Amino acid sequence: MPELPEVEVSRLGISPHLQGQQLTKVVARQRQLRWWVPDEVLQQQQQPILAVRRRAKYLLLDLPGGSIILHLGMSGHLKVVPADLAPGKHDHLDLLFANGTALRLNDTRRFGAVLWQAQGEQHPLLAQLGPEPLTADFTAETLIQACQRRGSAIKLVLMDNHVVVGVGNIYANEALFKAGINPQQPARDVSADKLALLCTIVKETLTAAIVQGGTTLRDFSQVDGKPGYFKQELLVYGRGGQPCVNCDTALSEVRLGQRSTVFCPLCQPLLQKN
DNA sequence: CTAGCAACCTGAACGC
DNA sequence: TGCGTTCAGGTTGCTA
């Protein structure tokens, strides 16, 4: 499910339900996720939720003694449910609250994670992350610098979490299309002007998706159960072989970094280095 | 350092 | 109807 917009939509969805709530207990039915759920998470009880934050695609639930880190992987989603609602298949973890509700994590493929970060420390997974795309930390200059010496495809650089976080496969495809950049173009051969445009478009595209409530894909629904509807806006992702919205040319589909990559051969020409 | 890719896991879709 | 193959939104951590 989640690219950054979906994670942010989840954060916005659960935050009002968790803010100021008292966490009474953590129940794990399946601790083997991407990593084994650490004891510290299960030991949390009688702690107030101070804040619900997001860093890259990680959600952080701040408690007085540290933070519970949630990652949704490919198939994870969160719901706020009555605590006594019977858990279904792949409902791996519940955070129980004093008001009788529970935050329930469901993750079919178990690529997600539940981790612990002690107060005042930084989890190693968060330490290496690049700038947030929607803040002033991510600029044309940082993108241009990251691309300078990289011979790998611009799409792979854009999806590199050291360069900028939160740009997953869908939005990498979409942003490159809107910027008129061929995904296979070596990063160092993309002009500074194009990279500046790409930076702006990444911000606009992610922001628009958040506003519209996240992309609906096969296993995503918003926290309150209403589906998002951004999928209708996708211009290239999932449209290989179909006509380009600009020029009617059949969209090409290739694999880059083992991920499906769709582009218009006419609107996103592969340029020869001069 | 970069680059390529196997791995983690389940289920849906498709071809025969 | 069943079986085998391929693919899926992410990310780490090998190997060269």
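If you're wondering where the values come from, they're calculated on a predicted model, not measured in any experiment. Below, chains carry the letters A, B, ... as their sequence lines are ordered, and counting in each starts from 1.
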*Tell me whether the OP1 or OP2 atom of B/dG11 has a side-chain N or O from A/His90 closer than 4.0 Å.*
yes
_Pairing partner of B/dT2 (Watson-Crick or G-U wobble, both distances under 3.5 Å)_ = C/dA16
*asked:* For C/dT11 and A/Tyr58 - does any side-chain N or O of the residue sit under 4.0 Å from the phosphate oxygens OP1/OP2?
replied: no
*For B/dA7, does OP1 or OP2 lie under 4.0 Å from any side-chain N or O of A/Arg34?*
no
*For the residue pair A/Asn99 and A/Thr101, confirm or rule out a side-chain donor-acceptor distance under 3.5 Å.*
yes
*Atom-pair distance (CG on A/Leu126; C1' on C/dT12), nearest Å*: 14 Å
*By centroid distance (under 5.5 Å) and plane angle (under 30°), are A/Phe111 and B/dC8 in a stacked arrangement?*
yes
*Given that A/Gln32 and A/Arg149 both sit by DNA chain B, which one's nearest nucleotide is further toward the 5' end?*
A/Arg149
_Of the listed nucleotides (C/dG10, C/dT12, B/dA6), which one gets closest to any side-chain atom of A/Glu3?_
C/dG10
*Among C/dT11, B/dC5, C/dG9, which nucleotide sits nearest the side chain of A/Gln258?*
B/dC5
*asked:* Work out how far the P atom of B/dC9 is from that of C/dC3, and round it to whole angstrom.
replied: 23 Å
*Name the pairing partner of C/dG2, where a pair is Watson-Crick or G-U wobble with both distances under 3.5 Å, or state none.*
B/dC16
*Does C/dA8 have OP1 or OP2 sitting under 4.0 Å from an N or O in the side chain of A/Ser260?*
yes
*Think A/Lys89 has a side-chain N or O under 4.0 angstrom from the OP1 or OP2 of B/dT10?*
no
*Do the side-chain N or O atoms of A/Thr108 get closer than 4.0 angstrom to the phosphate oxygens (OP1, OP2) of B/dG11?*
no
*Can you find a donor-acceptor N/O pair under 3.5 angstrom joining the side chain of A/Arg109 to the base of B/dC9?*
yes
*Can you tell me if A/Lys155 and A/Asn182 form a side-chain donor-acceptor pair at under 3.5 Å?*
no
*asked:* Looking at C/dG9, I'd like to know if its phosphate oxygens (OP1 or OP2) sit under 4.0 Å from a side-chain N or O belonging to A/Arg259.
replied: yes
